[in-house]
Amino acid sequence: MIEVTGVSKWYQQFQVLKDCSLTIKSGEVIVICGPSGSGKSTLIKCMNGLEPFQQGEIKVGDVSVGAKGTDLPKLRSRIGMVFQNFELFPHMTVRKNITLPQVKILGRSKDESDARTIKLLERMGLPSQADKFPAQLSGGQQQRVAIARALAMDPVAMLFDEPTSALDPEMINEVLDVMVALAQDGMTMAVVTHEMGFARRVANRVVFMDQGSIVEDAPKEAFFGTPRSERAQLFLSKILQH
Amino acid sequence: MSGFDWNVILNNRGLLLQGLAVSFQLTLVAIAGGMALGTVLAMCRLSRFRPLAIAAGSYVNFLRSLPLILVIFWFYILTPQIVGHPIDAYSSVLIAFTLFEAAYYCEIIRAGIASVKAGQVNAGLALGFGQFHVMRYVVLPQAFRNMLPVLLTQAIIMFQDTSIVYVVGVRDFLTAADVVANSNNRPVELYSVVAVTFLVICFTASRLVGRLQRKYAL
């Protein structure tokens, strides 16, 4: 589904991604973790072309993301993305946030889009919030609306960039529950997160990054059992000690 | 001084109201034209195509360095030479105001666009919107909300500035009052009425700005 081969990226002299390779098969859930500044967010943003990269190749299906002439908007409309800060459009109601992209990008009718929106909001446990503005919702609710907005495009895969990092602790689970359900429904997912409980529950593989390199890419049992690299062991001992 | 004669105002109200209408018309056309052109200029300034950004930037910096009255004189004298036939003073000040205001609106709009966080652009792009649609549906609506107070304040300043057209003889509110004042020898009454009218309109408008701001704040 998503195939990253030898990707490197530089900001001027500084190399943020070093020869990263990673394969996500259809229906797989990959958790990407690592210390801050390790390049995990940058890598995931390369997958839908939000960040350009200078070397290597990323393929989504049979479309090459970095190639000249690739219809990026079309490609992106097939990959959902959820951001750390939700990024709902603050000047639109929840309903419009989810409906507008369906109408303008997919060319769906207003009625069909609206029906889809309501259905998704129900699935997210937010049936009565459609006509509120994002600022009237809690962080956890906003993030679930953001997930609904991404799902409304019927994506073939979903990218999550630290979806719970900006949330108060009591709201983290309501978002993770939705993501677990999504994973169990067979959605292809790449999730940048420090939520190791989530990784244990639904991840197929855990990818550990450090200083721009993929240090470890292992099935979750192996990763949580005995990470091969020292850096991953150190990282795990730091975030799992409490 | 033999007391004040306020009848002169009532007797000439037609002329004065016409002048006020001209001031309003000038303001509205210059705001509409200035904002439209200003938006285009702002897009050009933010464009990644360097020549376009430099051209728009030069235009803005050039016009903002000139006194308004000079720009009005220039267009009054220059436009007939360019179009090849004389044009009325009113049209020339309309053009001058629009082009002059556009430079200021460009900067306001540019700041407004810059006030929208990069994450919002990324969210729009990630959904599959193209650059143009991200601008239209995501960035500009938020930018205009953020800059609403400054835009309206600029409109109020603009309304006050219209009185400058006096210099080329366009019959705005101040010029009309001046004509009446001279022909009746009643400058104090007339200039007082002009001052109070400007005060009431501008004060009311700025109160309105405050209310709009609270209503549309994001």
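Every chain is numbered from 1 and lettered A, B, ... according to where its sequence line falls, protein lines coming before strand lines.
- Applying the 6.0 Å contact sphere to CD of Gln131(B) captures no more than 12 heavy atoms from other residues, nucleotides or ligands.
- Residue-level contacts of residues 103-125 of chain B with chain A, in order of numbering, are Gly119(B), Gln120(B), Asn122(B), Ala123(B), Gly124(B), Leu125(B); threshold 4.5 Å between heavy atoms.
- The contact between Phe89(A) and chain B is made by backbone and side chain atoms together, counting heavy-atom distances below 4.5 Å.
- Neither the backbone nor the side chain of Leu72(A) comes within less than 4.5 Å of any heavy atom of chain B.
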Residue pair Phe129(B), Leu100(A): steps toward the side-chain contact (heavy atoms from CB on, under 4.5 Å) verdict: CA-CA 10 Å; Phe129(B) 282 118; Leu100(A) 186 82; 4.1 Å; yes
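- For Tyr166(B), the OH atom is loosely surrounded, since the number of other residues' heavy atoms within 6.0 Å does not exceed 12.
- Interface remark: Arg149(A) contributes backbone and side-chain atoms alike to the contact with chain B (heavy atom separation under 4.5 Å).
- When the options Gln102(A), Lys104(A), Met153(A) are evaluated for a side-chain contact (heavy atoms from CB on, under 4.5 Å) with Leu127(B), the one that passes is Met153(A).
- Closest approach of Gly130(B) and Pro73(A) over heavy atoms only: CA-CG, 4.2 Å.
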For a quick test of your reading: what N or O donor-acceptor pairs under 3.5 Å do the side chains of residues 28-44 of chain B make, sequence neighbours left out?
from: Thr39(B); atom 1: OG1; to: Met35(B); atom 2: O; distance (Å): 2.6

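- With rounding to the nearest 0.5 angstrom, the OH atom of Tyr137(B) is 8.5 Å from the NZ atom of Lys96(A).
- Counted within 6.0 Å of CH2 on Trp74(B), heavy atoms from surrounding residues, nucleotides or ligands total 12 or fewer; the atom is thus considered open.
- The environment of Phe203(B) atom CZ is sparse: at most 12 non-hydrogen atoms of other residues, nucleotides or ligands sit within 6.0 angstrom.
- Of the atoms belonging to Asn48(A), it is side-chain heavy atoms, and not backbone ones, that fall under 4.5 Å from chain B.
- Summarising the geometry of Gly128(B) relative to Ile105(A), their closest heavy-atom pair is C-CD1, 3.6 Å, with the distance given to 0.1 Å.
- Comparing Leu159(A), Leu88(A), Leu106(A) by heavy-atom pairs within less than 4.5 Å of chain B, the highest count is held by Leu88(A).
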